[in-house]
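Heads up, the thing below is written out as structure tokens.
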Amino acid sequence: MENFVFNVPTKVYFGQGQIRHLPEALAPYGSKVLLVYGGGSIKKNGLYDQIYQVLADFEIVELPGVEPNPRIDTVRKEVDLCRKEAVEVVLAVGGGSTIDCAKAICAGVFYDGDPWDFTGDSSLITAALPLATILTLAATGSEMNAGGVLSNPVTQEKLGFGNKILIPKVSILDPTYTYTVSKYQTAAGSADILSHLMEQYFDKTPGTEIQDHLAEGLMKTVIELLPVALSEADNYDARSNLMWASSWALNGLIGRGKSGAWSNHAMEHELSAYYDITHGVGLAILTPRWMMHVLNEETLPYFVRFGKNVWGLTGEDEVVAIGGIQKLYEFFVDCDIPMTLPQVGIDASKLAEMATQAVKHSAIATRAFVPLKEADVLAIFEASMQEMVF
């Protein structure tokens, strides 16, 4: 295990009705609040009205309509609004896209250049407005970490940024706010959680048993309870565990003491940059194909461990390794996630171009679990054009 520092200062209010703590949570940071949210679902489920009720003594400026893959032009516009309105604290209400957008806004207020610069050099982030979140979708873990992702439609790029000063000061995690999330988005969000865990789990750093067993436990939790949430939308225990798994999958704990590049995220970011698809769905499509592509004599023990410890498989090593990959693929299929690129509107015309960009925008050619060149990425994309046969 490598040396590391672990510090997650987010104060979490977890459970039903915790929104009552929002005033006391925001008060230390100011009374002028930028409310950031997405397509308006918080108005349909009543959360919007609840926020205004509990923040009756606060002055609220609104930013509605944050995109599912948040765009840099939205960030630019709202940085100007924050400066003009002298906003003191930002409240992001929604899933990872909303929170990521809010993080960029928080940092952009104190930066004289273009916030897009953060995706090339996160050290440019030297100050930020305090951020609070109310989570409505279990997926990205952005409610308890320092990172974010932005899209630039002009350049067809989707890139990450991150700095410890962007970690939310407080996050309210009320599982009941996820009851109205569609089956499609619930499944996609859980695929994202699983991908976060697997990106860190498949790593060659020795001596990381604590992180690996925690990852296995979180994966098994998602696999067990996602079908429950899909069949019983208001099952509090299922929704609670998925929400908490989202936070712990990517708050830094699972990846501490390890190093490397995330292969599937690097590839999927190109898919959603070019085609604006749902991030978790793209990850679900790519991950089993990536697994089959990198499975070899050297990586076999890692996939055997996955098959045994996550799926409970037994038998010869190669059978267990391939069986674990098959189980993951079939799990996604059973959850009604589209599992080929054509099903989400992607044809073969830009696969080579996206493969080039995936390598260009990441370190997967040098630091990944198995280094991937452009030809490898293209092969994974091409394999994703049709259903898998085991």
Side-chain angles (χ1 to χ4, degrees), residues 14-19 38-47 68 93-98 134-143 172-198 214-250 268 277-288 306-307 309-313 323-340 343-344 387-388 390:
F14 191 99
Q16 187 170 4
Q18 294 285 46
I19 195 172
S41 62
I42 66 170
K43 292 186 176 180
K44 296 177 182 177
N45 66 15
L47 178 53
V93 184
S97 295
T98 299
I134 301 177
L135 190 64
T136 64
L137 175 64
T140 72
S142 195
E143 67 277 2
I172 293 175
L173 308 184
D174 184 337
T176 65
Y177 296 153
T178 66
Y179 284 178
T180 57
V181 176
S182 70
K183 290 185 178 182
Y184 182 82
Q185 290 297 338
T186 297
S190 292
D192 198 8
I193 297 170
L194 287 172
S195 180
H196 292 161
L197 293 165
M198 288 184 286
L214 287 170
E216 289 165 355
L218 288 167
M219 283 188 271
K220 290 171 70 174
T221 298
V222 175
I223 291 165
E224 175 186 348
L225 293 178
L226 173 57
V228 177
L230 293 177
S231 62
E232 304 172 33
D234 59 353
N235 187 300
Y236 185 81
D237 289 337
R239 293 289 189 175
S240 295
N241 280 277
L242 292 176
M243 179 171 272
W244 200 216
S246 164
S247 299
W248 282 97
L250 201 55
E268 197 290 321
I277 67 170
T278 301
H279 176 58
V281 171
L283 291 170
I285 293 171
L286 292 174
T287 300
F306 176 70
N309 294 353
V310 176
W311 295 102
L313 301 178
I325 300 170
Q326 182 176 0
K327 284 285 189 181
L328 179 68
Y329 179 83
E330 292 173 348
F331 175 75
F332 288 144
V333 170
D334 290 343
C335 292
D336 292 327
I337 297 175
M339 287 303 291
T340 68
Q343 286 179 285
V344 293
E387 296 179 359
M388 294 186 75
F390 294 89

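Only heavy atoms go into these numbers, but all of them, side chains included; no hydrogens, no water, no symmetry mates.
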Using side chain to side chain contact (heavy atoms under 4.5 Å, CB included), reason through Ser41 and Thr180 one step at a time and then give a plain yes or no.
CA-CA 9 Å; Ser41 62; Thr180 57; 5.9 Å; no

Worked check of side chain to side chain contact (heavy atoms under 4.5 Å, CB included) between Met198 and Thr287:
CA-CA 9 Å; Met198 288 184 286; Thr287 300; 3.9 Å; yes

Candidate pair Glu387 and Thr340, rule side chain to side chain contact (heavy atoms under 4.5 Å, CB included), full reasoning:
CA-CA 6 Å; Glu387 296 179 359; Thr340 68; 3.9 Å; yes

One pair to check against side chain to side chain contact (heavy atoms under 4.5 Å, CB included): Phe331 and Ile337. What are the steps and the verdict?
CA-CA 9 Å; Phe331 175 75; Ile337 297 175; over 6 Å; no

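Ring pair His279/His196 is tilted by interplanar angle, where 30° to 60° counts as tilted.
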Quick one: side chains of residues 216-227, donor-acceptor pairs under 3.5 Å with protein atoms, not counting sequence neighbours, listed by atom name and distance.
| from | atom 1 | to | atom 2 | distance (Å) |
| --- | --- | --- | --- | --- |
| Glu216 | OE1 | His213 | ND1 | 3.0 |
| Glu216 | OE1 | Asn309 | ND2 | 3.4 |
| Glu216 | OE2 | Tyr201 | OH | 2.6 |
| Glu216 | OE2 | Asn309 | ND2 | 3.0 |
| Thr221 | OG1 | Gly217 | O | 2.8 |

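Separating the CD atom in Glu268 from the CG atom in Leu286 is a distance of 6.5 Å, to the nearest 0.5 Å. Here Phe306 contributes atom CZ and Leu313 contributes atom CG; the two are 9.0 Å apart, rounded to the nearest 0.5 Å. For the atom pair OG of Ser190 and CD of Gln185, the computed distance is 11.0 Å after rounding to the nearest 0.5 Å. Put simply, OG1 on Thr176 and CG on Leu47 are 8.5 Å apart, with the number rounded to the nearest 0.5 Å. Atom CD of Glu143 sits about 4.5 Å away from atom CG of Leu135, to the nearest 0.5 Å. Atoms OG1 and CG, on Thr278 and Leu283 in that order, are 10.5 Å from each other to the nearest 0.5 Å.
Between the side chain of Tyr329 and the backbone N or O of Met388, at least one donor-acceptor pair lies under 3.5 Å. Between the side chain of Ser195 and the backbone N or O of Ala191, no donor-acceptor pair lies under 3.5 Å. For Asp174 (side chain) and Gly17 (main-chain N/O), a donor-acceptor pair under 3.5 Å exists by modelled atom type. In terms of modelled atom types and a separation under 3.5 Å, the side chain of Arg239 and the main chain of Asp234 share no donor-acceptor contact.
Between Met243 and Thr178 there is a side-chain heavy-atom pair separated by less than 4.5 Å. Contact of the Ile19 side chain with the Ile134 side chain is registered, since non-hydrogen atoms from C-beta on lie closer than 4.5 Å. Side-chain contact check for Tyr179 versus Asn45: every heavy-atom pair is 4.5 Å or farther apart. Asp192 places a side-chain heavy atom less than 4.5 Å from the side chain of Thr140. Between Tyr177 and Val93, the closest side-chain pair of non-hydrogen atoms is not below 4.5 Å.
Heavy atoms only, all atoms of each residue included: Ala139 and Ser246 are closest at N-OG, 3.2 Å. The minimum heavy-atom distance linking Ala245 with Ile193 is given by the pair O-CG2, 4.0 Å. The heavy-atom pair separating Pro338 from Tyr184 by the smallest distance is CD-CE1, 3.8 Å. Among all heavy-atom pairs drawn from Pro175 and Leu173, the shortest one is CD-O, 3.5 Å. Of all non-hydrogen atoms in Gly38 and Thr98, the two that sit nearest each other are N-OG1, 3.9 Å.
A ring-ring contact (aromatic ring centres under 6.0 Å, His included) check over residues 224-250, counting only residues at least two apart or in different chains, returns the pairs Phe14-Trp244, Trp244-Trp248.
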